[in-house]
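Taking it in order: structure first as structure tokens, then the write-up.
Computed from heavy atoms alone, side chains included, the values below leave out hydrogens, waters and symmetry copies. Just so you know, these numbers come straight off a predicted model, no measurement behind them. Here is the naming used below: chain letters follow the sequence lines, and residue numbers restart at 1 for every chain.
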Amino acid sequence: MTLSVHVKHSFPAFTLDASFEAPPGITVLFGRSGSGKTTLVNAVAGLLRPEQGRVAVNGWELFDTGARRWLPPHKRRLGYIFQEGRLFPHLNVRQNLMYGRWFAPRDAPRAEFGRVVDLLGIGALLDRRPGALSGGEKQRVAIGRALLAAPRLLLADEPLAALDEARKAEILPYFERLRDEVAIPILFVSHSAAEVARLATTVVALEAGRVTRAGPAAEVLADPAVTPLGARAAGAVLEAVVLRHAEDGLTELGAGGLTLVVPRLDAAPGTAMRLRIAAHDVILSREAPVGLSALNILPGTIQDIRSGDGPGALVSLDTAAGRVLARITRRSAQAMGLEPGQVCHAVVKSVAVAPDDVGGGPGMSGLRGPGSA
Amino acid sequence: MTLSVHVKHSFPAFTLDASFEAPPGITVLFGRSGSGKTTLVNAVAGLLRPEQGRVAVNGWELFDTGARRWLPPHKRRLGYIFQEGRLFPHLNVRQNLMYGRWFAPRDAPRAEFGRVVDLLGIGALLDRRPGALSGGEKQRVAIGRALLAAPRLLLADEPLAALDEARKAEILPYFERLRDEVAIPILFVSHSAAEVARLATTVVALEAGRVTRAGPAAEVLADPAVTPLGARAAGAVLEAVVLRHAEDGLTELGAGGLTLVVPRLDAAPGTAMRLRIAAHDVILSREAPVGLSALNILPGTIQDIRSGDGPGALVSLDTAAGRVLARITRRSAQAMGLEPGQVCHAVVKSVAVAPDDVGGGPGMSGLRGPGSA
Amino acid sequence: EQVTVFAAASLKNAMDDIVASYQAQSGHSVVVSLAGSSALAKQIQQGAPADIFISANPDWMDLLEAEGLLEDGSRRDLLGNSLVLVAHGTDAAPVTIGPDLDLPALLGDGRLAMALVDSVPAGIYGKAALEHLGLWQEVAPSVAQSDNVRAALALVATGEAPFGIVYATDAGAEDRVTVAGRFPADSHPPILYPVADLANRDSAAEEDFLTYLQGAEARAAFEAQGFTVLAD
Amino acid sequence: MDWLGPEETQALLLSLRVSLWATLLGLPLAVFVAYALARWRFPGHALLNGLVHLPLILPPVVTGYLLLLTFGTKGPVGAVLQDWGIVLAFRWTGAALAAGIMAFPLLVRAIRLSIEAVDPKLEQAAGTLGASRLMVFLTVTLPLILPGIVAGGILGFAKAMGEFGATITFVSNIPGQTRTLPSAIYAFLQVPGGDAAAFRLVLVAVAVAMAALLLSEWVGRRVARRVAGQ
Amino acid sequence: MDWLGPEETQALLLSLRVSLWATLLGLPLAVFVAYALARWRFPGHALLNGLVHLPLILPPVVTGYLLLLTFGTKGPVGAVLQDWGIVLAFRWTGAALAAGIMAFPLLVRAIRLSIEAVDPKLEQAAGTLGASRLMVFLTVTLPLILPGIVAGGILGFAKAMGEFGATITFVSNIPGQTRTLPSAIYAFLQVPGGDAAAFRLVLVAVAVAMAALLLSEWVGRRVARRVAGQ
Ligand SMILES: Nc1ncnc2c1ncn2[C@@H]1O[C@H](COP(=O)(O)OP(=O)(O)OP(=O)(O)O)[C@@H](O)[C@H]1O
Ligand SMILES: Nc1ncnc2c1ncn2[C@@H]1O[C@H](COP(=O)(O)OP(=O)(O)OP(=O)(O)O)[C@@H](O)[C@H]1O
Ligand code: MOO
Ligand SMILES: [Mg+2]
Ligand SMILES: [Mg+2]
């Protein structure tokens with residue numbers, strides 16, 4: 001396991017007692033405000049000395065209260081993007097960005113300064129001091145500072161919260177690239193369903209200081225019993241390969257013999273991709289529908305229908321492309337007479353497979369970089 | 001006009017030159033990071049003294065450089081939720097919350113302390129100091145502090161950015177109530193399409209310090225030429241009336257003789273509602289579709305088909321319930337042979353009309369409060 | 001050669017003149033460190049690089065002598081001084097200082113400015129004189145003590161205190177005060193400024209300057225400042 | 001305090017009284033001056049700043065002499081004060097004035113540093129919530145600079161306890177009125193053999209000051225924790 | 001400086017030298033002590049704090065006398081230093097030591113206040129970026145407390161310029177070696193007719209200190225702006 005976290009710590013009115021193991025990739029920590037996310041990240045960073053616990057990254061023990069081992073933060077080779085910026089007010093933006101580099105070992109793999117600056121759109125700010133930057137500008141500089149520190153472990157506490165959608169869409173692929181190409185383990189706190197769905201290799205849900213669910217993203221998000229991010233987070237992840245780019249701006253993907261159409265992707269034909277299809281974006285049809293504007297129609301067999309207290313039901317459908325989840329009303333499920341074992345069609349609007357929900361799959365290092373996203 | 005804003009101010013590398021007039025309700029300011037939103041709000045608050053300009057609220061001039069009129073901030077009766085919290089570190093949460101009240105005139109209409117505290121879920125924090133609160137907790141206290149100041153003008157600079165979806169969903173209705181019941185003008189900065197769509201009476205788009213678009217929310221968001229929040233923001237708003245609450249947890253709404261089904265709403269039958277249907281949640285069908293899981297099918301006539309450079313097209317459909325927008329691919333539009341004037345069916349999944357997108361309509365004061373949302 | 005003299009600060013003017021003329025005629029250089037006698041004595045105890053000490057207070061010289069820090073037989077009483085009663089203003093009526101002096105009446109509710117009566121020589125002498133005349137008891141509550149004579153004089157000069165007891169040498173040059181009376185020389189122990197050669201190192205210049213201090217030119221300088229020269 | 005004679009006890013109590021009043025009365029003025037120096041630009045800024053530092057720069061005797069000239073019964077200010085019934089010359093009040101003036105630069109610097117460290121954004125926030133400038137100062141700035149006030153206060157108190165030169169020059173040394181601990185110590189040091197007595201008083205002064213210091217550290221830590229918001 | 005005699009010029013230059021060295025050498029130590037007092041808990045914390053404040057509490061004469069007893073050629077430390085070839089007693093170096101010790105509490109307080117105002121979160125952030133404690137101090141804490149160092153420095157410099165009691169008691173008043181401006185002023189004040197000369201020197205001292213003050217204000221403002229991040 002890349003990231004092994006066991007932490008117990010008590011504040012007067014709050015106790016954190018969290019354990020999880022995560023494989024390489026991005027581990028997204030989520031949970032409601034006050035559930036202990038920042039506290040957990042601080043413990044991993046060494047800013048909080050927990051009463052008890054052990055944290056290891058790629059087998060490298062950062063601390064172990066049992067073995068009385070404690071690496072101070074500056075030996076942990078971190079890139080920590082704080083929830084509140086924490087830029088150095090006396091340094092200009094450039095110096096803030098370069099700060100971690102002064103202390104990184106010479107031979108550490110370094111992110112390219114210019115590239116990070118371009119990505120974050122902070123080129124014009126380099127000679128300014130943080131005091132008069134806008135909220136989002138500060139946050140972007142903070143991201144850059146962490147990325148440029150040549151970290152062996154990246155901690156990101158809601159790094160994108162202050163950014164506009166367009167900027168987020170530009171920065172997200174960079175985290176994916178870190179995950180895939182540079183293979184840095186990343187602990188990422190997020191409230192956003194789209195971010196979680198897109199980035200997470202592993203999802204860890206916290207509630208009042210305890211881990212309520214931890215596991216591979218696809219599994220946790222596809223589990224109708226877990227909708228910690230709101231109903232909108234449920235969804236399924238399909239593995240697909242880029243087939244061709246059509247002139248009308250659409251890209252065709254192949255998945256298990258089925259063809260899926262999404263807005264143009266910047267990936268060469270043959271590239272393996274991960275597509276996320278949110279459960280609430282899927283309509284079910286008993287018959288193969290005709291004359292619909294939706295381009296993606298995936299036939300499959302109903303595996304399971306779960307309904308909770310609310311009016312909704314979550315239907316799992318096994319298709320040739322993989323498992324697809326559909327969130328429909330109980331009323332529809334009844335009206336359509338849906339039962340496990342029945343054949344059914346999942347109708348997905350191509351535009352519902354939005355850029356946010358398409359990410360480079362794991363293990364495709366070097367094929368896609370942020371520059372091409 | 002409730003809010004009349006004309007502001008010109010220059011920083012070394014940035015010039016704000018923005019003017020707009022907004023009717024009662026919530027004016028949402030959006031634009032990319034660094035576009036001048038906070039600067040504009042600061043000018044309205046009186047924290048920045050602009051080189052030139054005039055701001056008036058309900059005809060009450062806050063400043064006018066022409067007439068050399070300048071009200072200091074403390075005479076403006078503001079509730080300003082800052083982008084960075086700014087809680088008083090030496091006061092506990094309760095004292096922070098009560099701070100504005102100490103200075104408000106006796107007879108000012110006051111939000112109920114207990115109600116605001118409950119709404120924000122900060123009851124357990126009242127005796128703590130801000131220093132050790134979590135990011136979201138701080139932000140909630142900051143919201144409470146502004147709300148409890150009995151303001152005549154509420155300024156909210158990304159107030160919900162640090163909050164989880166569930167918490168946001170709880171707080172949003174409160175802003176709606178302020179807009180509708182208490183009728184305080186609100187200037188609200190947001191990056192979130194859902195928030196903009198839900199709250200905005202008026203939308204003002206800023207780009208590099210200039211207003212690029214300002215107008216009623218429905219108009220701006222329905223304008224396919226303006227997708228400043230990303231393609232996902234386009235959508236249409238329908239006026240509807242609650243018909244009945246079914247046992248299966250769904251609520252049926254009537255709009256222009258058509259019936260729409262949404263997850264249960266806490267509103268008495270007869271209540272007027274505003275529904276937002278996002279363009280990307282709509283599928284079009286030439287024929288009236290059968291055997292689909294989607295419950296809402298609105299027949300209508302195509303008014304307009306717009307397509308830009310991308311693979312998408314935005315179709316406006318006039319239905320009995322009102323105008324509906326559908327975002328589909330150009331490929332589908334062609335394949336289906338869609339033309340203005342044709343009859344077509346808009347298919348909307350009931351669950352796509354999510355709680356986030358349902359709000360009390362304007363002019364329905366007193367019918368719905370946050371307590372019942 | 002250089003000679004270092006530690007001298008009571010009240011000798012500054014005289015020493016300035018003497019040193020200037022001595023240097024001109026002898027070619028030796030003399031540096032004078034001016035401070036309170038107590039500080040200088042303590043410094044000498046701690047090994048200060050002084051060759052000659054002129055104290056405003058025989059007690060400190062006694063101490064050094066007892067500790068064997070003085071060159072045997074080098075101690076002399078160099079100067080004498082007298083005490084005067086000064087009054088604020090330029091035209092104060094003269095009084096006769098004797099057992100009959102009604103000092104309290106003279107003071108009214110004003111203060112009598114003196115140097116510290118138990119620790120600073122001018123104060124000690126003043127108190128002794130008043131006691132000798134039988135005036136101390138009644139005047140004691142009205143005494144304002146300063147850390148040195150000059151500060152006491154300043155109190156009279158500014159009019160804060162109507163009267164003060166200071167050295168004759170100090171009173172002369174201050175034109176905001178009048179000398180109202182002189183204390184009889186026998187009303188207090190003799191006011192002496194002893195000089196001595198210190199026992200650390202010796203040089204010809206040191207001897208030379210000691211001699212010069214007791215010579216005619218020095219005498220003139222001291223007398224110009226109002227001192228009585230005792231050495232012969 | 002058996003081993004302290006009555007006169008020495010008197011000197012100790014007087015020193016405490018003088019130092020406390022000097023510090024307590026000096027503090028509000030110091031806060032005002034520090035605020036003006038930190039936050040306002042006005043003609044005479046440099047002059048005021050210089051004036052505040054003057055007692056530090058001048059030998060204490062000179063300060064004492066200037067005080068005498070100004071606040072003495074014949075001085076321009078002293079004469080006016082006397083008409084109002086306030087007498088400083090030869091009174092403990094004058095000693096407190098001297099001590100206060102000598103301590104003043106220390107008070108001002110510490111408080112000014114604290115004021116400059118207050119984030120103006122918090123003050124702005126208070127303004128948007130309806131607090132006038134005065135209320136902002138009282139409810140936000142003042143509590144936030146409390147650590148500086150405590151630090152300045154203890155520094156000033158210590159200085160006042162040790163002040164000697166200006167005091168004795170201005171108000172002389174009158175047992176029970178102006179004979180403070182340092183004056184008493186000084187007097188002992190002037191006579192051969194007085195060291196022992198002087199050092200006994202030094203120990204008393206040190207003990208008192210240490211107690212004050214410990215108290216201020218404790219207060220300071222509490223206040224700092226409060227202000228840090230934990 | 002035509003109207004200053006050569007001796008007076010000498011005293012002025014000596015005072016400047018003594019004060020500059022006292023401040024410059026005192027500052028690094030003051031930063032260290034202030035840091036220790038502000039950030040570390042250790043046995044002897046209160047003792048160190050007390051020791052630092054001692055020169056403020058004691059009458060300067062006492063401090064000078066203690067210095068004489070300790071650093072004099074016969075004193076325990078002085079004797080050792082002398083073996084190493086460092087002589088303080090009756091040299092300008094000793095005057096600098098006395099001035100430095102008298103100024104030390106002022107340096108420490110100002111710097112400590114600044115250190116306590118530094119947000120530890122920034123230091124933590126630097127730590128996560130790989131900076132060791134020393135580097136955090138050098139690259140974050142130190143630049144952020146510069147205003148305090150400047151403020152403390154000027155306060156200390158002013159105090160050193162005005163220091164008299166401890167200096168004259170420790171190193172006497174030897175022209176060219178230990179006769180600083182205040183000592184010269186003192187000497188003039190001890191004799192009839194010296195007032196005019198004394199006040200001329202007071203004016204010189206005030207002018208110098210004012211110049212230093214203005215400079216420090218200017219530097220302080222620049223530094224503060226830098227630190228405020230604008
Ligand atoms: N005091 C200042 N001096 C100089 N430039 C400033 C100052 N304040 C803001 N700016 C610049 O003005 C621009 C607008 O800033 P503003 O804070 O209004 O942006 P914003 O729209 O609120 O952005 P964000 O969404 O990131 O908070 C930014 O580029 C910012 O760097
Ligand atoms: N130093 C502290 N002392 C006491 N309580 C603390 C301290 N730090 C955090 N807490 C409490 O612990 C809980 C968890 O805080 P934490 O900052 O980890 O939450 P979070 O999950 O990051 O929340 P958010 O999403 O709002 O940032 C909160 O209730 C917080 O008030
Ligand atoms: O300035 Mo002093 O030498 O402490 O009285
Ligand atoms: Mg957090
Ligand atoms: Mg902003």
**Report entry** E:L181 portion near chain D, given a 4.5 angstrom heavy-atom threshold
**Finding:** neither
Query raised in the report: Just by distance, do the side chain of E:T178 and the backbone of E:V171 share a donor-acceptor pair under 3.5 Å?
Result: yes
Query - Residue D:D195 versus chain E: region with a heavy atom under 4.5 Å - result: side chain
Query raised in the report: Highest number of heavy-atom pairs under 4.5 Å with chain E: which of D:V61, D:V62, D:V208?
Result: D:V62
**Report entry** Pairwise distance CE(E:M102) to NZ(E:K159) - rounded to 0.5 angstrom
**Finding:** 4.5 Å
Report task. Can you measure from CD (E:Q124) to CG (E:L122) and round to the nearest 0.5 angstrom? Result -> 9.5 Å
Report summary line: Rounded to the nearest 0.5 angstrom, the CZ-CG distance for E:F170 and E:L69 is 10.0 Å
**Report entry** Portion of D:A117 that has a non-hydrogen atom of chain E nearer than 4.5 angstrom
**Finding:** side chain
Query raised in the report: chain E: which of D:P59, D:A110, D:G152, D:A205 shares the most heavy-atom pairs with it under 4.5 Å?
Result: D:P59
**Report entry** Expected output: side-chain D:E123 to main-chain D:A126 donor-acceptor under 3.5 Å
**Finding:** no
**Report entry** Segment of D:F157 engaging chain E (4.5 angstrom heavy-atom cut-off)
**Finding:** neither
**Report entry** Shortest non-hydrogen contact between D:I111 and D:A30, atoms and distance
**Finding:** CD1-CB, 4.0 Å
Requested in this report: Would you check, one step at a time, whether the test side chain to side chain contact (heavy atoms under 4.5 Å, CB included) holds for D:V18 with D:T167?
Outcome: CA-CA 10 Å; D:V18 163; D:T167 308; over 6 Å; no
Query - Residue-level contacts of residues 31-46 of chain D with chain E, using a heavy-atom cutoff under 4.5 Å - result: D:R41, D:H45, D:A46
Query raised in the report: In terms of heavy-atom proximity below 4.5 Å to chain D, should E:E116 be classed as side chain, backbone, both, or neither?
Result: neither
Report summary line: The reported gap from CG in D:L201 to CZ in D:F188 (rounded to nearest 0.5 angstrom) is 5.5 Å
**Report entry** D:Q10 (side chain) donor-acceptor with D:L13 (main chain) under 3.5 angstrom
**Finding:** no
Query raised in the report: Relative to chain E, which segment of D:I168 carries a heavy atom at a distance below 4.5 Å: side chain, backbone, both, or neither?
Result: neither
Query - Proximal component of D:T169, with respect to chain E [non-hydrogen, under 4.5 Å] - result: neither
Query - Which atoms of E:I154 approach chain D - backbone, side chain, both or neither, heavy atom under 4.5 Å - result: side chain
Report summary line: If you tally heavy-atom pairs under 4.5 Å between each of D:L54, D:L155, D:D119 and chain E, the highest tally belongs to D:L155
Query raised in the report: Is NZ or CZ of D:R17 both nearer than 6.0 Å to the six-membered ring centre of D:W21 and within 45° of the ring axis?
Result: no
Query raised in the report: Any sub-3.5 Å donor-acceptor pair from D:S15's side-chain atoms to D:L12's backbone N or O?
Result: no
Query raised in the report: Going through the distances and angles, do D:N49 and D:H53 end up as a side chain to side chain contact (heavy atoms under 4.5 Å, CB included)?
Result: CA-CA 6 Å; D:N49 196 23; D:H53 283 81; 3.2 Å; yes
Query raised in the report: By a 4.5 Å heavy-atom criterion (distance strictly below it), what part of E:I57 contacts chain D: side chain, backbone, both, or neither?
Result: both
Report task. Go through D:P182, D:A158, D:S19 and name the one with the most non-hydrogen pairs under 4.5 angstrom from chain E. Result -> D:A158
Requested in this report: Can you tell which part of D:L214 gets under 4.5 Å to a heavy atom of chain E, answering side chain, backbone, both or neither?
Outcome: side chain
Requested in this report: Supply the atom-to-atom distance E:I185 CD1 to E:R179 CZ, rounded to the nearest 0.5 angstrom.
Outcome: 11.0 Å
